[in-house]
Participant: 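The structure that follows is given in the form of structure tokens.
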Amino acid sequence: MGQVIIAVIATAIVTAIVTAVIVNAYQKKIAEKKIGSAEEKAREIIDEAVKTAETKKKEVLLEAKEESIRTKNELDKEIRERRAEVSKSEHRIQQKEENIDRKLENAERKEQSLNAREKQLERDKAEVAKLNQQRVQELERISGLTSEQAKEFLLQTVEEDCRVDAAKLVKESLAQAKDEANKKAKDIVVTAIQKCAADHVAESTISVVQLPSDEMKGRIIGREGRNIRTLETMTGVELIIDDTPEAVVLSAFDPVRREIARIALEKLIVDGRIHPARIEEMVEKAKKEVDQTIREEGEAATLEVGVHGIHPELIKLLGRMKYRTSYGQNALKHSIEVAHLCGLLAAEVGEDVRLAKRAGLLHDIGKSVDHEQEGSHVQLGVELCKKYKESALITNAVAAHHGDFEPESMIALLVQAADTISAARPGARRETLDAYTNRIQQLEEITNDFKGVEKSFAIQAGREVRVMVVPEQVSDADMVLLARDISKRIEDELQYPGQIKVNVIRESRVTDVAK
């Protein structure tokens, strides 16, 4: 039993060994087959790779060859272009060299010609010098003057010419300075006028006394005219009793006497008792009242202007100017206005303001007595200033304010300017109807005389002229020149107070009809 088991075990072992050897041999065979198949596949892959590499190599070689050929063609083309450019450059350089050669030849010829001309010029200079010397000798022989004397004469002539030129230059400089001074003066005057707020209403002395009824005329005349004779004798005023209803006209050259007669007559009318004794009493009261008014007006004028220390008689004469008018402008108000303007102008130019106001206030003082004494108001004013111990500067300003005497100070010039401003401003003085009408006609005639003007109208009492132009003949740019030319001609040909505005109007109209 044991041997059987051993035999079985041995058989099993031998069987296992044989089986293992067979399995190993089989596996080895299978492995060898696989290895052979893999080697064959590897060889195929290698062959395939070799073929592909050769193909790629051929393609690369072809591309390289094509690129080489293309590059060679481009280089050949570039070389041909460069050669062409070089050929052109060589041609241009050759032309320039030829031009330079020609220019050098021309320069050499010109140099030779210049050398010849220089030699000829030197010969000519020598000849000219010789002829000039002969000419000088001949001139000295003919004129009887040596060259030094002739030179001195020539210098004198040149000096005289230079003096004339210098005089012209000085004259032009003076004219320019005057223009600038006029501009500055206008600015100063305008500033002063703007600061002076004066009354622009002209006062007129009225010599008409209103009556309550026409019955009063008979009582004023009196029995056999004794009342009217007494009143005229006491006052020196002529009473005109005519058909004017309820009014009596007083006529007298002396405005103060006319004022006394007016006040006395009004008092008599109010009182109702009109007879010679009562007339004398009322005239005396009127004289005292007028004297008091004159004194108060003079003092008020000095206080308004701010001038002190004036002689009482001069103050009284200033008050008398309340009843004096010039072309409708009250003389006292005019003097006060001139005093204010003088003060403003003096402040602008740096002069003594109080002295300027004093001169302006007294400049027309002669008008208070010019109806009583012979002589112009300028002469009478100078005499009054000297009589009442006014300074020489004030006296000269009074004497020179109308240009009768030479002004000796800036204040005298300021008085002239202020007097002109006060008298010439719009509304200061009355014009006669004829003068006004002529000025309006001349204004329209001047404007109508210009080319392109259709019609013109003087308006605003001659302070403005409106000019209508033909639009086809006058353009917008021409309007500016036309307005300036008209203004210039008006300034040259007309005399007028204040200023005149020139208004040029250009109007185009198109009309159509709707049917």
Participant: Counting distance only, does the side-chain N/O of N396 pair as donor-acceptor with the main-chain N or O of E406 below 3.5 Å?
Facilitator: yes

Participant: Kindly determine whether D124 and Q120 satisfy side-chain hydrogen bond (donor to acceptor under 3.5 Å, both in side chains), including the steps that lead there.
Facilitator: CA-CA 6 Å; D124 292 342; Q120 183 64 33; 3.2 Å; yes

Participant: Between H377 and H401 (judged by ring centroids, cut-off 6.0 Å), do the two rings come close enough to count as a pair?
Facilitator: yes

Participant: Taking the side chain as everything from C-beta on, heavy atoms only, tell me whether L494 gets closer than 4.5 Å to L443.
Facilitator: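 Heavy-atom side-chain distance check passes, below 4.5 Å.
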
Participant: How many angstroms lie between atom CD of Q473 and atom CD of E454, to the nearest 0.5 angstrom?
Facilitator: 9.5 Å

Participant: Just checking, any donor-acceptor pair under 3.5 angstrom between side chains of Q94 and E90?
Facilitator: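 No.
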
Participant: Do L414 and M410 have side chains that get closer than 4.5 Å, going by heavy atoms?
Facilitator: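 Yes, close enough: below the 4.5 Å cut-off.
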
Participant: Kindly indicate whether the side chain of T302, heavy atoms from C-beta on, has any atom under 4.5 Å from the side chain of L361.
Facilitator: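 With C-beta onward as the side chain, the pair touches.
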
Participant: Atom NZ of K451 and atom CG of L482: how far apart are they, to the nearest 0.5 Å?
Facilitator: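 Separation between the atoms: 12.0 Å.
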
Participant: Would you call D449 and R489 a salt bridge, using N to O less than 4.0 angstrom?
Facilitator: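 Yes, this pair counts.
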
Participant: Tell me, with the steps shown, if I446 and E493 meet side chain to side chain contact (heavy atoms under 4.5 Å, CB included).
Facilitator: CA-CA 9 Å; I446 288 173; E493 298 184 10; 3.6 Å; yes

Participant: Just by distance, do the side chain of R320 and the backbone of G298 share a donor-acceptor pair under 3.5 Å?
Facilitator: no

Participant: If the threshold is 4.0 Å, N to carboxylate O, is there a salt bridge linking R262 and E259?
Facilitator: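 A salt bridge is present here (some side-chain N lies under 4.0 Å from a carboxylate O).
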
Participant: Decide, yes or no, whether a salt bridge links R83 with E85 under the criterion of side-chain N to carboxylate O below 4.0 Å.
Facilitator: no

Participant: I'd like to know if the side chain of E464 reaches the main chain of V502, judged simply by a donor and an acceptor atom lying under 3.5 Å from each other, with no hydrogens or angles considered.
Facilitator: no

Participant: For R358, is there an ion pair with E390 - N to carboxylate O distance below 4.0 angstrom?
Facilitator: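 Yes, charged N to carboxylate O under 4.0 Å.
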
Participant: What is the distance from atom CD of E118 to atom CD of E122, rounded to the nearest 0.5 Å?
Facilitator: 7.0 Å

Participant: Looking only at non-hydrogen atoms, find the nearest pair between S456 and T447 and report the distance.
Facilitator: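 That would be OG-OG1, 2.6 Å.
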
Participant: If we only count heavy atoms from C-beta on, is the R354 to V307 side-chain gap below 4.5 Å?
Facilitator: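 Result no, sub-4.5 Å side-chain heavy-atom pair not found.
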
Participant: Would you please say whether a donor-acceptor pair under 3.5 Å links the side chains of N448 and E444?
Facilitator: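 No, because no side-chain N or O of N448 sits under 3.5 Å from a partner of the opposite role on E444.
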
Participant: What is the minimum heavy-atom distance between A412 and P407, and which atoms define it?
Facilitator: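 Here A412 and P407 meet closest at CB-CB, 3.7 Å.
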
Participant: Under the criterion side chain to side chain contact (heavy atoms under 4.5 Å, CB included), I'd like the reasoning laid out for R506 against M468: C-alpha separation, chi angles, the key distance, then a yes or no.
Facilitator: CA-CA 6 Å; R506 178 176 181 266; M468 309 292 182; over 6 Å; no

Participant: Do you know the tightest heavy-atom contact between L332 and A301?
Facilitator: CD1-CB, 4.0 Å

Participant: Are any side-chain N or O atoms of R466 and backbone N or O atoms of A458, one a donor and one an acceptor, separated by less than 3.5 Å?
Facilitator: no

Participant: Do M321 and S368 come within less than 4.5 Å of each other through their side chains, counting heavy atoms only?
Facilitator: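 Result yes, sub-4.5 Å side-chain heavy-atom pair found.
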
Participant: Is there a donor-acceptor pair closer than 3.5 Å between any side-chain N or O of S487 and the backbone N or O of A483?
Facilitator: yes

Participant: Less than 4.5 Å apart, side chain to side chain, heavy atoms only: is that true for H334 and D419?
Facilitator: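 Yes - at least one pair of side-chain heavy atoms lies under 4.5 Å apart.
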
Participant: Would you check if R80 and K77 make a side-chain contact, meaning some heavy-atom pair closer than 4.5 Å?
Facilitator: yes

Participant: Take the angle between the ring planes of H311 and Y388 and call it parallel below 30°, perpendicular above 60°, tilted in between.
Facilitator: tilted

Participant: Any luck finding a side-chain donor-acceptor pair between Q95 and R92 under 3.5 Å?
Facilitator: no

Participant: Walk me through it: do T55 and E59 pass the test side chain to side chain contact (heavy atoms under 4.5 Å, CB included)?
Facilitator: CA-CA 6 Å; T55 304; E59 291 178 354; 3.9 Å; yes

Participant: How long is the gap from CD on E351 to CG on L355, to the nearest 0.5 Å?
Facilitator: 9.0 Å

Participant: Would K367 and D364 pass as an ion pair if we require N to O under 4.0 Å?
Facilitator: yes

Participant: Does E299 reach the side chain of R295, with side-chain heavy atoms less than 4.5 Å apart?
Facilitator: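 Result yes, sub-4.5 Å side-chain heavy-atom pair found.
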
Participant: Identify the two heavy atoms, one from L314 and one from I365, that lie closest to each other, and give their separation to 0.1 Å.
Facilitator: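 Closest pair (atom of L314, atom of I365, distance): O-CD1, 3.9 Å.
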
Participant: Can you tell whether the side chains of R123 and E127 come within less than 4.0 Å, N to carboxylate O?
Facilitator: no

